[in-house]
Chemist: 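Quick one: this structure, given as structure tokens, is what I'll be asking you about.
Residue numbers start at 1 and run along the sequence shown. Bear in mind the structure is a predicted one, so any value in this text is a computation, not a measurement.
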Amino acid sequence: MKVPAAPQSAEPQSVELQPAKIGRRPRKKLHIVQLIPNFMTVAALCAGLTAVRFAIEGRFGLAVALIIAAAVMDGLDGRLARFLKSESDMGAELDSLCDLVNFGVAPALITYLWALQGMRAEGWIACLIYAVACLLRLARFNIGNRQPDNDSNSFQGVPSPAGALLVMLPMFLAFALDDGQPHANGLVALWMALVGWLMVGRFRTPSFKRATIYAENVSFVLLAFVGLVAALLTYPWTTLVIVDCAYLAALVYTFIKKPRKAAEEAAPEA
């Protein structure tokens, strides 16, 4: 005897699909103190842009002071970020972009407004060479930082803050020796292009990031720093000339020392 099958519903049963729960990423909290390095980076950018404004107004002393302030903040923001454990990829990119403005675009425009406006094409070409050289220098520096065998004891080429101070050396000399009026504008343009070449050069330049001193000499270093600050406040132009000349002497010493060291390593032992 056949058992009759249960009647099937004309309409198929629908299966309700529950929407997948999409979880939100937990929101990360930061202490306000950890943002201080980024505040310093942005403040350095504001200083560089304001330096251009003062140069347009002919107040070159204030313009140079703001570039120096930007260089000081650039040297401190990275160390402060490591100290506060607030390093990030965004902070590194922000620092590099601000460096291009502060030490590439701003010094080029300040020097152009001071000495090269009368040259028109030649002076502007020198500005472009220096600014693009700074851009290439920073791009190469960013790539080098990602390499595992990066040598942190030296730089490849002149770093951008040092290049900014070097490119304004003719201005420092003019204010230290005379009334600040530019002379030999063609030499100023050539010097700007030469500094650009120094920034993109493949030679090694000294780095003071990991310089060490003996503990018993800390007092002397602090006194030397006080003397430098006092000299900058009292004789700013002469002090800047001396600082630039000292750095150039360090570069020359590095050029001379490297071939000599290579020759000593290549010489067979007796």
Chemist: Quick one: do Leu113 and Leu49 end up in the same hydrophobic cluster if we chain Ile, Leu, Val, Met, Phe, Trp and Tyr together by side-chain heavy atoms under 4.5 Å apart?
Modeler: no
Chemist: Measuring from atom SG of Cys127 to atom CE of Met192, what distance do you get when rounded to the nearest 0.5 angstrom?
Modeler: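 Between Cys127 SG and Met192 CE, I get 4.0 Å after rounding to 0.5 Å.
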Chemist: For Phe103, which fellow cluster members are found when Ile, Leu, Val, Met, Phe, Trp and Tyr are connected by side-chain heavy-atom distances below 4.5 angstrom, either directly or through intermediates?
Modeler: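 Other cluster members: none.
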Chemist: Check whether Val105 and Val188 end up in the same hydrophobic cluster, where Ile, Leu, Val, Met, Phe, Trp and Tyr are linked by side-chain heavy atoms less than 4.5 Å apart.
Modeler: yes
Chemist: Atom OG1 of Thr50 and atom CG of Leu62: how far apart are they, to the nearest 0.5 Å?
Modeler: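 Spacing of OG1 (Thr50) from CG (Leu62) equals 10.5 Å.
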Chemist: Do Phe172 and Val243 have side chains that get closer than 4.5 Å, going by heavy atoms?
Modeler: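 Answer no - side chains too far apart.
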Chemist: Go through the steps to decide whether Leu100 and Leu97 satisfy the test side-chain contact (heavy atoms from CB on, under 4.5 Å), and finish with yes or no.
Modeler: CA-CA 5 Å; Leu100 174 60; Leu97 294 172; 5.6 Å; no
Chemist: Assess whether side-chain contact (heavy atoms from CB on, under 4.5 Å) is satisfied between Met171 and Phe60, documenting all intermediate values.
Modeler: CA-CA 9 Å; Met171 183 192 301; Phe60 294 104; 4.2 Å; yes
Chemist: Can a donor-acceptor pair be found, under 3.5 Å and without considering hydrogens, that links the side chain of Arg137 to the backbone of Val158?
Modeler: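 The answer is yes, because a donor-acceptor pair under 3.5 Å joins these two groups.
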Chemist: If I compare all heavy atoms of Ser160 with all of Tyr130, which pair ends up nearest, and what's the gap?
Modeler: O-OH, 4.4 Å
Chemist: Is there a path of hydrophobic side-chain contacts, each under 4.5 Å between heavy atoms of I/L/V/M/F/W/Y residues, joining Trp191 to Trp197?
Modeler: yes
Chemist: Would you give the length of the straight line joining atom CG of Leu232 to atom CD1 of Ile68, rounded to the nearest 0.5 angstrom?
Modeler: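 CD1 of Ile68 is found 6.0 Å from CG of Leu232.
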Chemist: Taking it one step at a time, do Met168 and Val64 satisfy side-chain contact (heavy atoms from CB on, under 4.5 Å)?
Modeler: CA-CA 9 Å; Met168 294 187 292; Val64 172; 4.2 Å; yes
Chemist: If only atom types and distance count, is the side chain of Asn217 paired as donor or acceptor with the main-chain N or O of Ile213 below 3.5 Å?
Modeler: no
Chemist: Can you check whether Gln181's main-chain N or O pairs, donor with acceptor, with Asp179's side chain at less than 3.5 Å?
Modeler: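 It does hold such a pair.
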Chemist: I need the Leu233 CG to Leu228 CG distance, nearest 0.5 Å.
Modeler: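 Here the rounded value is 9.5 Å.
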Chemist: Once you round to the nearest 0.5 Å, how far does CG of Asp95 lie from CE of Met40?
Modeler: 10.5 Å
Chemist: Is there a side-chain contact between Leu222 and Val218, using heavy atoms and a 4.5 Å cut-off?
Modeler: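 Leu222 vs Val218: side chains touch.
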Chemist: Provide the closest heavy-atom pair for Leu66 versus Ala47 in the form atom of the first, atom of the second, distance.
Modeler: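 Shortest heavy-atom separation between Leu66 and Ala47 comes out as CB-O, 3.5 Å.
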Chemist: Looking only at non-hydrogen atoms, find the nearest pair between Cys134 and Gly104 and report the distance.
Modeler: SG-CA, 3.6 Å
Chemist: Verify, without hydrogens or angle tests, whether Arg140 (side chain) and Val200 (backbone) share a donor-acceptor contact under 3.5 angstrom.
Modeler: yes
Chemist: With rounding to the nearest 0.5 Å, note down the distance linking OG1 in Thr205 to CZ in Phe255.
Modeler: 8.0 Å
Chemist: Quick one, Pro170 and Trp114 - any side-chain contact, counting heavy atoms below 4.5 Å?
Modeler: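 Side chain of Pro170 against side chain of Trp114, heavy atoms only: contact under 4.5 Å found.
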Chemist: Enumerate the side chain to side chain donor-acceptor pair (under 3.5 Å) contacts for residues 221-243, please, sequence neighbours excluded, ordered by first and then second residue.
Modeler: none
Chemist: Write out all pairs satisfying side chain to side chain donor-acceptor pair (under 3.5 Å) with one or both partners inside residues 58-78, taking only residues at least two apart or from two chains.
Modeler: Thr41-Asp77, Glu57-Arg59
Chemist: Are the side chain of Asn185 and the backbone of Leu116 linked by a donor-acceptor contact shorter than 3.5 Å?
Modeler: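 Judged by distance alone, no pair lies under 3.5 Å.
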Chemist: With a 4.5 Å cut-off on side-chain heavy-atom distances among I, L, V, M, F, W and Y, is there a chain of contacts connecting Ile242 to Leu166?
Modeler: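 Different clusters.
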Chemist: Given Pro37, which partner from the list Leu94, Leu80, Val42 fulfils the side-chain contact (heavy atoms from CB on, under 4.5 Å) test?
Modeler: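 The option that passes is Leu80.
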Chemist: Are Leu109 and Leu135 grouped together when hydrophobic residues (ILVMFWY) are joined by side-chain heavy atoms under 4.5 angstrom apart?
Modeler: no
Chemist: For Tyr112, what residues pass the ring-ring contact (aromatic ring centres under 6.0 Å, His included) criterion, not counting sequence neighbours?
Modeler: Trp124
Chemist: Return the set of residues passing side chain to side chain contact (heavy atoms under 4.5 Å, CB included) with Ala63 (not counting sequence neighbours), or none when no residue passes.
Modeler: Ala51, Phe54, Ala55, Ile110
Chemist: Could you go step by step and tell me if Phe220 and Tyr214 meet the side-chain contact (heavy atoms from CB on, under 4.5 Å) rule?
Modeler: CA-CA 11 Å; Phe220 299 105; Tyr214 291 105; over 6 Å; no
Chemist: How far apart are the closest heavy atoms of Leu169 and Val241, and which atoms are they?
Modeler: CD1-CA, 4.2 Å
Chemist: What's in the same ILVMFWY side-chain cluster as Ile125, cut-off under 4.5 Å, chained through other members?
Modeler: Ile129
Chemist: Between Ser96 and Asn142, do the side chains contain a donor N or O and an acceptor N or O under 3.5 Å apart?
Modeler: yes
